[in-house]
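Structure record follows, encoded as structure tokens.
Residue numbers start from 1 in every chain, and the chains themselves are labelled A, B, ... in the order their sequence lines are given, proteins ahead of strands.
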Amino acid sequence: MQIQKPRGTYDIIPSEINKRKYVEDTAKKVFSNFNFSEIRTPTFENTQLFKRGIGEETDIVSKEMYSFSDGEFTLKPEMTASVIRAYLENSLYNEAPLQKLFYISNMFRAERPQKGRFREFSQFGAEAIGSGDYTIDVEIIALADAILKALGVTEFTIKLNTLGTIEERKVYLDELRKYFKQHEPVLSETSKVRLEKNPLRILDTKNPEEIKLLENAPVLYDFLNDATKTHFQNVLSSLDALNIKYEVDYKLVRGLDYYSHTTFEFISTALGAQSAILGGGRYDLLVEMLGGKPAPAIGFAAGIERILILLEEKAKEKHFTFPEEPRLNLYIVNAGLKDNTKIQKLLLSLRAAGIKCESDFLSRSVKSQMKEANKLNAEYTIVIGESEIETGKGKLKRMSDGKEISAELGRIYDDIMLFEEISNKQNAD
RNA sequence: GCGGAUAUAGCUCAGCAGGUAGAGCGUCAGAUUGUGGCUCUGAAUGUCACGGGUUCGAGCCCCGUUAUUCGCCCCA
């Protein structure tokens, strides 16, 4: 048996790489337009960072981490904790009061793979650290929205909620606990555990009986104070003004402990069980939890594989095409030269001039090389054999229409330019 | 961690009452002397996922393993 890739991982072969590049490049462009700066952090961190930053009781930390060296280190399961750690460790707060950071990176979670879920997966995301102003909430949501739209992803719904502050939530959680205690027999085993540790997450249940229970459960929003409500309403009215459509979902809770105030998810209608393509929210306490001077922050992360699934489906239905890699400019056919250093010399000078070019390395026939040039979608070909070497001249052929002009081997670059010029003129006439 | 489905050439798949495999696409090579795309001709490639069992005989039946996939949990 051959060795296979580990479960939940994938190879990106050359014929597929353009898709991923498209997503990454598009995201980068939009991040840059929003004046977010890229940050990169190590692939693994001290396990303690995630335990403190994400929360011991979360699924990610309690059962999905890839840890090694006796648990000392862990492959990063998400980026936010790492970014905050780097923000603190490099004292970025001293460089500017507001840091707008973005990342594109792979993550690791030991989950059971299924559609749109892998053990090694990629996210792009942003973190804005230093502002508690609602305007940055809007900026972050608008940024996420802009990237998806720039990518050509349109079939999604933005769901918004506010989780308030810890103090507000405390009061609410007591009420919620009381409510669920009354109905404890109906609760599932996992919900019973959550009742003790994090009752908020029961709101996230998919169990039909529990959903029924939720209808009469106390609603968090009723327990929030005016400042919190105003913050949230300001976010909503700004989004209205920006023409960004959303749905408020008071049952939207997120799986990570650090969220407060605004939270959101971008849900696709076309993805199956893993419908969230992007998620995020405000986390005003995380910086302090990780040992820094308190700083409010908000961020999001988007699943690249899930976005790719959506785009691939659109491409299949011809509603979308991925950009291709730049084509080969020139293929030099070796017509029986045993010593190919002359050709390689040519290749080198052309490549140095920015021409993407290729020749034969299999000693194949002229015909085969022409076929190869055609397969590679080369713009031009030139056949070089003994006589071309002697005369220093050859015939430059344009593959799109088969036209040829004579070219000097010493100045193929110029001849290609000349070719374009001549035919442009002809087209103009 | 728990359920369901699947596992035949690089890809998509066919195969049968159980008699040691086929198509299309792709790849490669040819169709007169050093020139592609269309067409035609030909070729290569499979321990039919792995291990065991039933049988005179298994890709096809049974068991196990592994992998893939969809779902539960949770998340991007």
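Within the 4.0 angstrom heavy-atom criterion, base atoms lie near A:Arg112. Within the 4.0 angstrom heavy-atom criterion, base atoms lie near A:Glu388. Residue A:Ala373 is out of contact with every strand shown, counting any heavy-atom pair closer than 4.0 Å. As judged by a 4.0 angstrom heavy-atom cut-off over every strand, A:Ser387 is placed among the base-contacting residues. A:Glu111 comes within 4.0 angstrom of a base, heavy atoms only. Contact annotation for A:Ser400: base contact, defined as any heavy-atom pair under 4.0 Å involving a base atom.
Residue A:Asp11 contributes atom CG, which lies 16 Å from atom P of B:rG10 at whole-angstrom precision. Remark: C1' of B:rG37 and NZ of A:Lys371 are 10 Å apart, rounded to the nearest angstrom. The CE-P distance, from A:Met65 to B:rG1, rounds to 17 Å in whole Å. When the P atom of B:rG37 is taken as reference, atom CE of A:Met370 falls 9 Å away, rounded to whole Å. The distance between atom CD of A:Glu64 and atom P of B:rC72, rounded to the nearest whole Å, is 14 Å. Separating the NZ atom of A:Lys159 from the P atom of B:rA76 is a distance of 15 Å, rounded to the nearest angstrom. For the pair A:Ile309 CD1 and B:rU69 P, the computed distance is 10 Å after rounding to whole Å.
Within 6.0 Å of the OH atom in A:Tyr413, the count of heavy atoms belonging to other residues, nucleotides or ligands does not exceed 12. Counting heavy-atom neighbours within 6.0 Å of A:Lys51 NZ, excluding the residue itself, gives a total of 12 or less.
Candidate nucleotides B:rC73, B:rU35, B:rA76 were compared by shortest atom distance to the side chain of A:Arg306, and B:rA76 ranks first. Comparing B:rC73, B:rA31, B:rA67 by their closest approach to the side chain of A:Lys367 singles out B:rA31.
Taking atom P in both B:rA43 and B:rA23, one finds a spacing of 11 Å when rounded to whole Å. To the nearest whole angstrom, the two C1' atoms, one in B:rU8 and one in B:rG22, are 10 Å apart. Across B:rU6 and B:rG64, the matching P atoms stand 15 Å from one another, rounded to whole Å. Across the C1' atoms, B:rC62 and B:rU54 are found 7 Å apart, a figure rounded to whole Å. For the P atoms, the distance linking B:rA21 with B:rU66 amounts to 30 Å, nearest Å. Nucleotides B:rC28 and B:rG19 are separated by 37 Å at their P atoms, to the nearest Å. Separating the C1' atom of B:rG36 from that of B:rA31 is a span of 15 Å, rounded to the nearest Å.
Looking only at side-chain heavy atoms (C-beta outward), A:Val235 and A:Thr162 stay at 4.5 Å or farther from each other.
Using modelled atom types, one finds a donor on one side chain and an acceptor on the other under 3.5 Å when comparing A:Thr80 with A:Glu127. Residues A:Asp137 and A:His261 have side chains that never bring a donor and an acceptor to within less than 3.5 angstrom of each other.
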I would like to know whether A:Thr157 and A:Glu247 meet side-chain hydrogen bond (donor to acceptor under 3.5 Å, both in side chains); could you show each step before the answer? CA-CA 7 Å; A:Thr157 308; A:Glu247 287 172 18; 4.6 Å; no
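For a distance-only test at 3.5 Å, the side chain of A:Lys397 qualifies as a donor-acceptor partner of the base of B:rG36. Not a single donor-acceptor contact under 3.5 angstrom links the side-chain atoms of A:Asn374 to the base of B:rG37.
Both A:Phe118 and A:Lys63 lie close to RNA chain B; mapped to their nearest nucleotides by heavy-atom distance, the more 5′-ward contact belongs to A:Lys63. Between A:Glu372 and A:Ile382, the residue anchored closer to the 5' end of RNA chain B is A:Glu372, taking for each the nucleotide with the nearest heavy atom.
Across all strands shown, the partner of B:rG10 is B:rC25, judged by Watson-Crick or G-U wobble contacts whose two distances both fall under 3.5 Å.
Between A:Gln114 and B:rG71 there is a side-chain N or O to OP1 or OP2 distance below 4.0 Å.
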